[in-house]
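Computed from a predicted model, the values in this text were never measured in an experiment. Only this structure's heavy atoms are used, side chains among them; waters, hydrogens and symmetry mates stay out. Position 1 is the first residue of the sequence; numbering continues from there.
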Amino acid sequence: MKDRRIVILTGAGISKESGLDTFRDPDGIWARVRIEDVATPEAFARNPDHVHAFYNHRRKGLLDQAVAPNAAHLAIARLQREWPGEVLLVTQNIDDLHERAGSPALIHMHGELLKARCLACGAISPWREAMTIDSLCPSCGVEGTLRVNVVWFGEMPLEMERIYDALAACDLFVSIGTSGNVYPAAGFVTQARSNGRAHTLELNLEPSEGQTFFAERRYGPATQEVPAFVEQVLKDGW
């Protein structure tokens, strides 16, 4: 059992119970704001003040004292600590709730809200305050070159080679709280299945668009389903 490898994918649904908005729910972020206005390189080039304001608002919300890791985040961190084999956590989320929960091995494939990237020198720096077109890069000191370190539409998600290598080698793939309609993450289940041995499991509030690709499906709040799953795996495997 110690050699059995697990890959976990998480999406906005796991953080919803911590008080953060999802994107694709009927009342989610993209129902209120146009992607083309805040989440593309073209939007930033056209109106950086507007894009900065959008992410400043989201950053402030994430740093609200009421926002904290929930039972699902904590259960995943427990699985990573206690499972004798490798557990790689890949998240589509740009929040830091997995880190706060104590997850040790984590890939932010869509970047991180609490970091800034400099378009002049390429440096990535922690960033917790408001960002403006007058902000100075902490590394090179140039003004007006910072953007939030998130992957926008039209940009390549991060660390894809490492993710695909892990999917090719995993014995269990678990998708938690994701809509299943955003690629390339929506295709991870078929990548895992193609290795010929991986068991695939969806844990979600409701069936995703890719539900039929999973060998096993469990539906309910993440704070209930994820701890129960972790307890089962640590006790009996799968």
Side-chain angles (χ1 to χ4, degrees), residues 9-12 14-15 18-24 28-64 67 88-101 103-167 178-179 181-188:
L9 171 69
T10 64
I14 197 173
S15 295
S18 290
L20 297 181
D21 288 337
T22 60
F23 286 90
R24 296 181 179 275
I29 292 171
W30 298 143
R32 306 190 302 269
V33 182
R34 280 169 33 98
I35 290 170
E36 297 86 349
D37 292 337
V38 297
T40 67
E42 294 78 14
F44 187 65
R46 183 171 60 247
N47 193 343
D49 285 325
H50 182 62
V51 174
H52 280 316
F54 173 75
Y55 287 101
N56 287 342
H57 178 71
R58 296 198 61 205
R59 190 181 297 110
K60 183 178 180 180
L62 176 58
L63 294 173
D64 189 304
V67 174
L88 178 64
L89 173 57
V90 180
T91 187
Q92 297 171 275
N93 299 337
I94 59 175
D95 63 60
D96 67 339
L97 296 182
H98 282 302
E99 286 91 342
R100 289 195 229 171
S103 282
L106 174 61
I107 294 176
H108 276 278
M109 64 178 292
H110 290 164
E112 298 172 77
L113 181 59
L114 298 183
K115 290 185 179 179
R117 187 195 319 166
C118 179
L119 298 176
C121 70
I124 296 174
S125 308
W127 198 273
R128 300 175 71 86
E129 56 269 6
M131 189 183 300
T132 72
I133 58 174
D134 299 320
S135 296
L136 302 178
C137 172
S139 294
C140 68
V142 176
E143 180 182 284
T145 59
L146 292 184
R147 56 165 280 186
V148 66
N149 186 43
V150 301
V151 175
W152 287 329
F153 287 85
E155 298 180 328
M156 180 63 68
L158 307 176
E159 298 198 57
M160 291 305 300
E161 183 175 356
R162 181 182 170 196
I163 294 170
Y164 283 132
D165 286 346
L167 292 169
T178 179
S179 63
N181 61 3
V182 178
Y183 285 84
F188 288 176

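Within the 3.5 Å criterion, the main-chain N or O of Ala12 finds no donor-acceptor partner in the side chain of Ser15. Arg59 contributes a side-chain N or O that, together with a main-chain N or O of Glu129, makes up a donor-acceptor pair within less than 3.5 Å.
For the atom pair CG (Asp64) and OG (Ser18), the distance works out to 12.0 Å, reported to the nearest 0.5 Å. Rounding to the nearest 0.5 Å gives a distance of 9.0 Å between CG of Leu89 and CD1 of Ile107. Of the inter-residue distances, the one linking Thr10 atom OG1 with Leu106 atom CG reads 7.5 Å to the nearest 0.5 angstrom. Atom-to-atom distance recorded for Leu62:CG and Ile94:CD1 is 8.5 Å, nearest 0.5 angstrom. Taken from CD in Glu99 to NE2 in His108, the straight-line distance is 3.5 Å, to the nearest 0.5 Å.
Legend: residues meeting salt bridge (Lys or Arg N to Asp or Glu O under 4.0 Å) with Glu155, ordered by chain and number and at least two apart, are Arg147. With sequence neighbours excluded, the residues that form a side chain to side chain contact (heavy atoms under 4.5 Å, CB included) with Asn149 are Lys115, Arg117, Ile124. Partners of His98 under the ring-ring contact (aromatic ring centres under 6.0 Å, His included) rule, at least two apart in sequence or in another chain, are His73.
Taking the side chain as every heavy atom from C-beta outward, Pro184 and Pro157 approach each other to under 4.5 Å. Using a 4.5 Å heavy-atom threshold, the side chains of Val51 and Asn47 count as separate. For the pair Ser125 and Cys118, the minimum side-chain heavy-atom distance is 4.5 Å or more.
Between Val90 and Met109, the shortest heavy-atom contact is CG1-SD, 3.8 Å. Minimum interatomic distance between Gly141 and Leu136 (heavy atoms only, all atoms of both residues): O-CD2, 3.7 Å. The two residues Cys137 and Thr145 have their closest heavy-atom pair at CB-OG1, 4.3 Å. Here the closest non-hydrogen pair linking Gln92 and Gly11 is OE1-CA, 3.9 Å. Summarising the geometry of Ala185 relative to Leu9, their closest heavy-atom pair is O-CD2, 3.9 Å, with the distance given to 0.1 Å. Nearest heavy atom pair, residue Trp152 against residue Ala39, reads CB-O, 3.1 Å.
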Original post:
Do Asn56 and Met131 pass the side-chain contact (heavy atoms from CB on, under 4.5 Å) test, and can you show the C-alpha distance, the side-chain angles, and the key distance before you say yes or no?
Top reply: CA-CA 7 Å; Asn56 287 342; Met131 189 183 300; 3.8 Å; yes
**OP:** Check the pair Asp134 / Glu143 against side-chain contact (heavy atoms from CB on, under 4.5 Å), numbers first and verdict last.
**Re:** CA-CA 6 Å; Asp134 299 320; Glu143 180 182 284; 4.0 Å; yes
Subject >> side-chain contact (heavy atoms from CB on, under 4.5 Å) evaluation trace for Arg58 with Val148 >> reply: CA-CA 11 Å; Arg58 296 198 61 205; Val148 66; over 6 Å; no
Original post:
Given Met156 and Val151, is the side-chain contact (heavy atoms from CB on, under 4.5 Å) satisfied, shown in steps?
Top reply: CA-CA 7 Å; Met156 180 63 68; Val151 175; over 6 Å; no
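If you run side-chain contact (heavy atoms from CB on, under 4.5 Å) between Asn93 and each of Asp96, Leu97, Asp95, only Asp95 comes through.
Between His52 and Phe44, the ring-plane angle classifies as perpendicular under the 30° and 60° cut-offs.
For His50, the NE2 atom is densely surrounded, since the number of other residues' heavy atoms within 6.0 Å is greater than 12.
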